[in-house]
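Note sheet for the following structure.
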2 protein chains.
Amino acid sequence: MSKSQCAPDEALECCTSLAAEPIDVEQAEKIAPLLKALGDPARLRLMSLILSHEGGEACVCDLLPSFDLSQPTISHHLKVLHDVGLVGRERRGTWVYYSARPAAMAAVGSLFDTAVLA
Amino acid sequence: MSKSQCAPDEALECCTSLAAEPIDVEQAEKIAPLLKALGDPARLRLMSLILSHEGGEACVCDLLPSFDLSQPTISHHLKVLHDVGLVGRERRGTWVYYSARPAAMAAVGSLFDTAVLA
DNA sequence: TGTCAATATTGACGCATGTCGAAATCACAG
DNA sequence: CTGTGATTTCGACATGCGTCAATATTGACA
């Protein structure tokens, strides 16, 4: 059984700025995987390519040409992004479309709100 | 020679939202390490503890009690954060104070600006 | 049904990472 | 200068990660 499920929005509604107060252990363990998933150049670019692609979604064939990596490797990175809930996946015919999940992105972004106060 | 230098602000002035346009390879390779550094629960909590600590800085002895990890492990995580430029380090007497570097935090945060448009 | 194109999974490989205990620095007090 | 507490570095270990080639799956279409 491959557990390729996309993590739902449990982790996505619970976070404020890192600077506001010390984040608690549970929050940290929920959010860190999202940052970790984005902490690879290929996946960061994939996220950006998907976000800035027409309609906010892109199929694998749209993304592949931007990389020197093999197709299985790209597929693997997309699975990582999907597993942590940063992107959604939808099959339409032969193609699989990946789309950004704004709530997850916003959750990560909120960590850095008002971080400019220090 | 241990290269424990703190990466200067090269990577910190060059980034806009991931959604605005596809991030280029060089930017991705500069920013991804920052996200990777934050992609560990212990380091995410360290960052938050430092940011929300009085004066925006904290010595190792302030941070240690919040973790079940050994002191060398905490020191290692702080070094990771320092090496990517997310925190500064200053020795004052016997103690070493770590402080958040707002520019680095802002650089990361800017990736998620307007990501809510999709 | 059978073939083809798009995507995912598997298995393997080296390399990086998180963790610890032990030892080394570093700075101050006596 | 010797000792003591704070912090870093070292060496080692197990685990995780990025990558690929090979194979499997899925869906469209003849």
Figure out the [atom1]/[atom2] separation between [X] and [N], and round it to whole Å.
X: A:Glu90; N: D:dG27; atom1: CD; atom2: C1'; result: 15 Å
X: A:Lys79; N: C:dA8; atom1: NZ; atom2: C1'; result: 10 Å
X: A:Phe67; N: D:dG18; atom1: CZ; atom2: P; result: 13 Å
X: B:Asp40; N: D:dT15; atom1: CG; atom2: C1'; result: 14 Å
X: A:Arg45; N: D:dG18; atom1: CZ; atom2: P; result: 15 Å
X: B:His82; N: D:dT9; atom1: NE2; atom2: P; result: 9 Å
X: B:Leu69; N: C:dT17; atom1: CG; atom2: P; result: 17 Å

Pairs meeting criterion salt bridge (Lys or Arg N to Asp or Glu O under 4.0 Å) with involvement of residues 90-99 of chain B, two or more places apart: B:Glu57-B:Arg92, B:Glu90-B:Arg92
Partners meeting side-chain contact (heavy atoms from CB on, under 4.5 Å) with A:Gln71 (sequence neighbours left out): A:Leu64, A:Ser75
Parallel, tilted or perpendicular, as decided by the 30° and 60° cut-offs, for the rings of B:His82 and B:Tyr98: perpendicular
Touch class at under 4.0 angstrom, heavy-atom based, for A:Arg43 against every strand present: sugar-phosphate
Contact under 4.0 Å: A:Lys36 side-chain N or O vs C:dT17 OP1/OP2: no
C:dT19 phosphate, OP1 or OP2, under 4.0 Å from B:His77 side-chain N/O: yes
Under 4.5 Å side-chain linkage, directly or through intermediates, the cluster mates of A:Trp95: A:Tyr97
All side-chain hydrogen bond (donor to acceptor under 3.5 Å, both in side chains) counterparts of A:Arg43, not counting sequence neighbours: A:His77
Listed partners of A:Ser70 passing side-chain hydrogen bond (donor to acceptor under 3.5 Å, both in side chains), at least two apart: A:Thr73
I'd like a list of close polar pairs between nucleotides 1-8 of chain D and the protein, N/O only, cut-off under 3.5 Å.
{"residue": "D:dT7", "atom": "OP2", "partner": "B:Cys61", "partner atom": "N", "Å": "3.1"}
{"residue": "D:dT8", "atom": "OP1", "partner": "B:Arg89", "partner atom": "NH1", "Å": "3.2"}
{"residue": "D:dT8", "atom": "OP1", "partner": "B:Tyr98", "partner atom": "OH", "Å": "2.4"}
{"residue": "D:dT8", "atom": "OP2", "partner": "B:Ser75", "partner atom": "OG", "Å": "2.4"}
{"residue": "D:dT8", "atom": "O5'", "partner": "B:Ser75", "partner atom": "OG", "Å": "3.2"}
{"residue": "D:dT8", "atom": "O4", "partner": "B:Gln71", "partner atom": "OE1", "Å": "3.4"}

